[in-house]
Structure formats: C-alpha cells, structure tokens
Amino acid sequence: MTVLIIVAIVVVLAVALIVLYNNLVKLRNMVDNAWSQIDVQMQRRLDLIPNLVETVKGYAAHESGTLEKVTAARSAVSTASTPGEKMAADNILTGTLKSLFAVSEAYPDLKANANFQQLQSELSATEDKISYMRQSYNDTVMKYNTAIQTFPAVVFAGMFGFKARESFDAVAGAEVAPKVQF
C-alpha cells in the first residue's frame with residue numbers, strides 16, 4: 001500500500017514537472033516569436049531607408065553628414081547579431097531618421113515630392129508597427145521572466161537552461177519632448 005502511495009506521488013510530481021517544463025518552453029517560444037515579429041518590421045524599415053536616402057540626396061546634397069549617419073546606423077542594425085545589440089542599434093537608427101526628417105523640413109520641394117511623401121508614410125507606418133511589436137515583445141518577456149522567477153519554476157528553470165530575457169527599453173532621452181523651431 002505504501003509503495004502505491006509513493007509511486008502515485010512520484011507520478012504526480014513527474015506530471016507536474018512535465019507540465020511546468022512545457023509551459024516554460026511555450027513561453028520561451030512566444031518570446032522568440034515576438035522578437036521575430038520585431039525583426040521582420042525592422043528589416044522592412046531597413047529596406048525602405050536606401051530609397052529614402054537617395055530621394056533626399058537629390059534635393060539636399062549638402063546634408064551628407066545626416067545621410068551618412070542614417071546609412072551607418074542602418075548598417076549597424078543589419079550587422080548586429082544579438083537582440084541586445086539590435087535594440088541598441090535600432091534606437092540609434094530611430095534618432096538618425098528623426099534628424100533626416102528634420103532636414104526635410106528645410107526643403108519644400110523635397111517635402112512636396114510624391115516619392116518622398118510615400119516613403120515617409122511607409123516608414124511612419126512601419127515605425128508604428130515596430131512600436132506595437134516592441135510593446136507586445138515586452139509583455140511576452142515579462143510573462144516569461146515572471147514564470148521562470150516564481151515558485152515552483154524557479155527551482156527548475158535554471159537546471160533546464162531557462163534564462164531571463166531582456167526587454168526593449170525606451171531610447172535614452174525619450175522622456176524629453178523634441179524642440180521644434182520655425
């Protein structure tokens with residue numbers, strides 16, 4: 001009789017451990033998928049940037065410093081190998097794109113150019129998607145990190161190789177409103 005009770009306890013613990021492990025795998029995969037969605041939108045933005053830079057070049061040739069910064073930031077995002085590196089490079093790219101659009105304000109012909117307007121609109125829509133995907137990613141990372149840091153998972157997560165993930169943080173200086181002058 002005691003043997004049956006011990007076997008039943010072992011089976012219940014084994015099932016609980018399997019369920020716990022499967023839940024952690026599911027959450028880890030959700031984090032990876034959320035990151036992939038951000039990566040897809042970042043790639044879309046990277047694909048739009050060369051056309052935008054070429055359009056601006058035709059109107060604002062003497063703004064080469066800004067264009068070079070945008071190109072360098074784009075390159076940094078595409079060569080980043082880890083999510084952390086990509087997050088940092090993406091934040092820099094976002095800042096350089098803001099500078100590029102600020103430059104466009106000084107060129108009425110450029111602002112009126114249909115190609116520029118379309119690229120700016122597509123880039124803006126992509127930025128919105130990236131923002132939404134970052135929020136979704138952060139929510140998923142929070143659920144995952146909470147799951148591996150709470151009992152009983154905290155006891156087993158480390159043994160199974162589950163490690164906390166980093167979330168997207170706001171760009172440094174994002175809390176300061178941009179200064180607009182006319």
Side-chain angles (χ1 to χ4, degrees), residues 26-145 163-182:
K26 180 180 109 185
L27 289 170
R28 180 179 59 198
N29 290 343
M30 288 173 66
V31 169
D32 292 341
N33 180 58
W35 174 255
S36 293
Q37 297 304 318
I38 291 173
D39 215 22
V40 164
Q41 295 305 321
M42 285 177 163
Q43 186 59 51
R44 175 172 164 59
R45 180 175 57 183
L46 292 178
D47 293 344
L48 290 170
I49 290 172
N51 294 330
L52 186 66
V53 167
E54 286 304 313
T55 302
V56 172
K57 258 188 207 177
Y59 287 88
H62 68 283
E63 300 288 351
S64 62
T66 302
L67 298 173
E68 287 171 8
K69 286 178 185 174
V70 170
T71 303
R74 178 186 179 274
S75 177
V77 171
S78 42
T79 59
S81 57
T82 67
E85 289 173 0
K86 265 199 184 199
M87 287 179 206
D90 182 68
N91 287 340
I92 292 169
L93 178 60
T94 298
T96 61
L97 286 172
K98 287 178 184 174
S99 297
L100 180 66
F101 289 126
V103 163
S104 73
E105 293 295 320
Y107 299 91
D109 289 344
L110 173 60
K111 281 179 62 175
N113 178 285
N115 191 33
F116 179 77
Q117 287 177 346
Q118 179 187 1
L119 289 167
Q120 189 175 21
S121 175
E122 286 183 41
L123 204 52
S124 179
T126 301
E127 290 291 340
D128 289 344
K129 289 176 187 173
I130 290 171
S131 178
Y132 174 78
M133 295 314 304
R134 284 178 178 174
Q135 181 181 357
S136 175
Y137 175 78
N138 284 347
D139 290 345
T140 306
V141 166
M142 184 194 67
K143 287 177 191 172
Y144 170 78
N145 286 345
K163 295 178 177 29
R165 296 289 182 95
E166 185 179 345
S167 60
F168 254 107
D169 293 327
V171 179
E175 68 281 353
V176 178
K179 188 176 181 181
V180 179
Q181 293 179 335
F182 294 101

What's the spacing between [X] [atom1] and [Y] [atom2] if we round to 0.5 Å?
X      : Y      : atom1 : atom2 : value
Thr79  : Arg74  : OG1   : CZ    : 10.5 Å
Gln135 : Met133 : CD    : CE    : 10.0 Å
Leu48  : Ser124 : CG    : OG    : 11.5 Å
Ile49  : Leu93  : CD1   : CG    : 4.0 Å
Leu27  : Lys143 : CG    : NZ    : 8.5 Å
Glu68  : Thr96  : CD    : OG1   : 12.5 Å

Notebook entry, point to check: Just by distance, with hydrogens left out, do Gln43 and Asp47 show a side-chain donor and acceptor under 3.5 Å apart?
Noted result: yes
Check: For Glu122 and Gln118, does a side-chain donor sit closer than 3.5 Å to a side-chain acceptor?
Finding: yes
Is the side chain of [X] donor-acceptor paired with the backbone N or O of [Y] at a distance under 3.5 Å, no angle test?
X      : Y      : result
Gln120 : Phe116 : no
Ser75  : Thr71  : no
Tyr144 : Lys163 : yes
Thr55  : Asn51  : yes

Note to self: Please give me the minimum heavy-atom distance between Thr94 and Glu127, naming the atom from each residue.
What the structure shows: OG1-OE1, 4.2 Å
Checklist line | Heavy-atom pair of closest approach, residues Ile92 and Ala73 | finding: CG2-CB, 4.1 Å
Check: Taking it one step at a time, do Val31 and Arg28 satisfy side-chain contact (heavy atoms from CB on, under 4.5 Å)?
Finding: CA-CA 5 Å; Val31 169; Arg28 180 179 59 198; 5.7 Å; no
Next item on the list: Check Asn138, Asn145, Asp32 against Arg165 for a side chain to side chain donor-acceptor pair (under 3.5 Å) and give me the one that passes.
Entry: Asp32
Next item on the list: Take Tyr132 and Gln41, measure what side-chain contact (heavy atoms from CB on, under 4.5 Å) needs, and give me the verdict at the end.
Entry: CA-CA 10 Å; Tyr132 174 78; Gln41 295 305 321; over 6 Å; no
Next item on the list: Can you label the angle between the Phe168 ring and the Tyr137 ring as parallel, tilted or perpendicular, going by 30° and 60°?
Entry: perpendicular
